[in-house]
Number of protein chains: 4
Amino acid sequence: MTPSPARRRESSRRAILTAAFDLLSEVGYAKVSIEGIAARAGVGKQTIYRWWPSKGAVIFDAFLMLSEGNEGEPPALPDTGDLEADLTAVLHATVEELNDPRYDQPMRALATEIAHDAELAAAYAERLDGPLKEAKRQRLRSAQQAGHLAEDLDLDVAVEMIWGPLLNRWLQRSGPLTAEYADRIVTTALHGLRPRRSGE
Amino acid sequence: MTPSPARRRESSRRAILTAAFDLLSEVGYAKVSIEGIAARAGVGKQTIYRWWPSKGAVIFDAFLMLSEGNEGEPPALPDTGDLEADLTAVLHATVEELNDPRYDQPMRALATEIAHDAELAAAYAERLDGPLKEAKRQRLRSAQQAGHLAEDLDLDVAVEMIWGPLLNRWLQRSGPLTAEYADRIVTTALHGLRPRRSGE
Amino acid sequence: MTPSPARRRESSRRAILTAAFDLLSEVGYAKVSIEGIAARAGVGKQTIYRWWPSKGAVIFDAFLMLSEGNEGEPPALPDTGDLEADLTAVLHATVEELNDPRYDQPMRALATEIAHDAELAAAYAERLDGPLKEAKRQRLRSAQQAGHLAEDLDLDVAVEMIWGPLLNRWLQRSGPLTAEYADRIVTTALHGLRPRRSGE
Amino acid sequence: MTPSPARRRESSRRAILTAAFDLLSEVGYAKVSIEGIAARAGVGKQTIYRWWPSKGAVIFDAFLMLSEGNEGEPPALPDTGDLEADLTAVLHATVEELNDPRYDQPMRALATEIAHDAELAAAYAERLDGPLKEAKRQRLRSAQQAGHLAEDLDLDVAVEMIWGPLLNRWLQRSGPLTAEYADRIVTTALHGLRPRRSGE
DNA sequence: TCCTAACCGAGACGGTACGTCACGTCTTCAG
DNA sequence: CTGAAGACGTGACGTACCGTCTCGGTTAGGA
């Protein structure tokens, strides 16, 4: 997102991204303005327009900055050997985070920016969601190799089948987002909709 | 959403909703303004502000008007007895619609408004999504009664597990939205992630 | 300058023009901004842009408003029968006014706007300067009819020859602007540059 | 205006002044910016700010550079012995120049800067206008000594009475600026406003 | 002949103002 | 007496320049 790293003031960059994220959780997405970010960051508007093409791009970079701390080692899901337990734990944490008022507003902002801006969506897929999704696939692959998942399982679809309902319910507010709901997703996804064979 | 139907001119109402929907697909969500809708509809701004509390409400009502034709008989999914075939057919149609440029932008607009406005989300859940979701549940219930689905299956979760990945991929643009992808969702959801027992 | 007098709020108009004139004498022409005028007048910027095409037009109208009080009876120069005394008195008053710090800055602003905007210059010539110049011509014409001025005198040139040097010295600061200087202009203009005939 | 000639690049100085003058006649005074001058001159902004205190000073120096060619010998008005003819010729040339689109805009810019900046006005009076005005006075003085002008004539006032109306009409656009108008000024100024004595 | 200070181009920076758009409220006037 | 038309105060937009401030890279001139 950030263009040529020419003679750019790092302190301003951080101030802008921090201000953007803070404003997001304070006043909500719709009321965040470039002007407001600039004022809060103690920065000229032009400094924002010089380096970011849109409000969405600033917000995106703000998220990127937050996740920069964990750089170096790629993220990984816990792997105790018990897939169901591991998935449940991870989904519980996700539910927790999505319900946290500090993150709810900013993440909705990011989600809707992505929904309206294909370029941003691509950057998201590559820089933010990519590593995470790979970690999810990796956990399933590990279970697959241990014989706990079908050999011919489509890992991409499997990942989306577990996390998709969760994200959907959160974003569309189509129902309460609870740990219990997460549990039902995991068990239902693992067993499938079909009746269990006898002897299982 | 629509308040008391007092002394209200129906022709203006329809003109406003039509203008809103058309503008949505023409210029995109971000560039639709109340002022623009009023101008396009040949209506004073006050006439909009009098009857709708927000831009989102107008958009919502525009969708409501579109689905008004089918009122009377509640919607139902096809039921040939072959669940997999029926689901596949329905999902294919959904993929088609989501990829249709006439509906893509407006539906993104609706999704965004819902994501940021709890009240609108409730109205959506009740008036627009509710009947549809019931139809989906009903189709699964029918299969369940025929013994094709697990007896203790959580129908709500099942519905979200089938449609969630699709909507998510569309809204977040996390991958190509194809009929083939719909197929993979259906088979994966039906079988579950676990290895199949021998003899199946 | 003011376009169609449609449904326009007179109170805002007066507030704008008053604010413009006051700012002019307070902070000087260069530092007067539309934004500043709007803020001081308690008015939206758009209300200024709606009715005036440029900053100069606002300033011009501010002057017009000031001179509106004297409307009705056209201005006239004193006519005691003694031309030299009358001219001297009028020029002294003009010198006084040009040296008054309350009017110096605003009038410089008007003068330079006119210098750069032909349309404004035309409006000035017609609405503000026109009546005044006619009064000057009239006083000379009266003297002419009394036989105190040459029969074939070009009144236009005569007027500019008396007031031109004064305005020039003021605007270009080419020398001190004093009553004594005004006196010298009057006597020199009346006698001309040529040597006086004997017997005069 | 130009500070200590320390280690200063002459080529940049000339490029800046040339760019300033050219821009002045091309885009008009109001649209000339330091940034624009720097860009056109291929020079850093700081190089302008280092050597000139204001935009007006640059413009002033640009005029100074133009008149540098004639340095050495002070300017002089033609002196054929026929004052009226000489004045008419000079005023015709001035009218020509003021009507020349190449000089009109830049000279208005200079006049405006002078009107708003006392310091600049002083520099103008001394460096640019001074020698010229002295030449005008000198021509009148010569006529005076030849007995063609009044012995006690105030030469300063006389000069301003001839050139003042011309400059005024140009700057304020209070009427067409023609050779014929110049003629009328000369004859009126020479004869004065009073009736001619018989026998003249 | 090298060192070092100043000047130079370039352009990022915190700002101010520009002129425009849309907001949501209000007032007017024609049907 | 409704409702279109649109003026109003407000506030954000994205742009242009302001004057200051580094950056490297010349470019002299004193050692």
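Residue numbers begin at 1 in each chain, while the letters A, B, ... track the order of the sequences.
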Item to check | Any C/Met65 side-chain heavy atom under 4.5 Å of C/Asp61 side chain | outcome: no
Next on the checklist: Does the structure place the NZ or CZ of D/Lys55 under 6.0 Å from the centre of the six-membered ring of D/Tyr29, at an angle of no more than 45° from the ring's axis?
Outcome noted: yes
Checklist entry - A/Leu171 versus B/Gln172: any side-chain heavy-atom pair under 4.5 Å? => result yes
Checklist entry - Taking protein heavy atoms under 4.0 Å as touching, what does nucleotides 26-31 of chain E look like 5' to 3' if B marks base contact, S marks sugar-phosphate-only contact and - marks none? => result B-BS--
Next on the checklist: For C/Tyr124 and C/Phe63, I'd like to know if the aromatic rings sit close, meaning centre-to-centre distance below 6.0 Å.
Outcome noted: no
Item to check | D/Leu128 side chain reached by D/Ser67 side chain, heavy atoms, under 4.5 Å | outcome: yes
Next on the checklist: With a cut-off of less than 4.0 Å, is there a side-chain N or O of A/Ser12 near OP1 or OP2 of E/dA12?
Outcome noted: no
Next on the checklist: Does a side-chain N or O of D/Arg50 approach OP1 or OP2 of E/dC8 to a distance below 4.0 Å, or not?
Outcome noted: yes
Next on the checklist: Nearest heavy atom decides the nucleotide; on that basis, is C/Gly44 or A/Lys55 closer to the 5' end of DNA chain F?
Outcome noted: C/Gly44
Next on the checklist: Counting only side-chain nitrogens and oxygens, does D/Thr47 get under 4.0 Å of the OP1 or OP2 atom of E/dC7?
Outcome noted: no
Item to check | DNA chain F contacts made by residues 33-43 of chain C, counting heavy atoms under 4.0 Å | outcome: C/Gly42, C/Val43
Item to check | C/Arg7 to C/Trp51 six-membered ring, cation-pi geometry met (6.0 Å, 45°) | outcome: no
Checklist outcome for this item: Separation of E/dG19 atom C1' from C/Trp52 atom CH2, nearest Å, is 16 Å
Next on the checklist: Strictly below 4.0 Å, N to O, side chains only: are B/Arg40 and B/Glu26 in salt-bridge contact?
Outcome noted: yes
Item to check | Heavy-atom check, side chain of D/Leu17 versus side chain of D/Trp52, under 4.5 Å | outcome: yes
Item to check | N/O (side chain, D/Trp51) to phosphate O (OP1/OP2, E/dC8) under 4.0 Å | outcome: yes
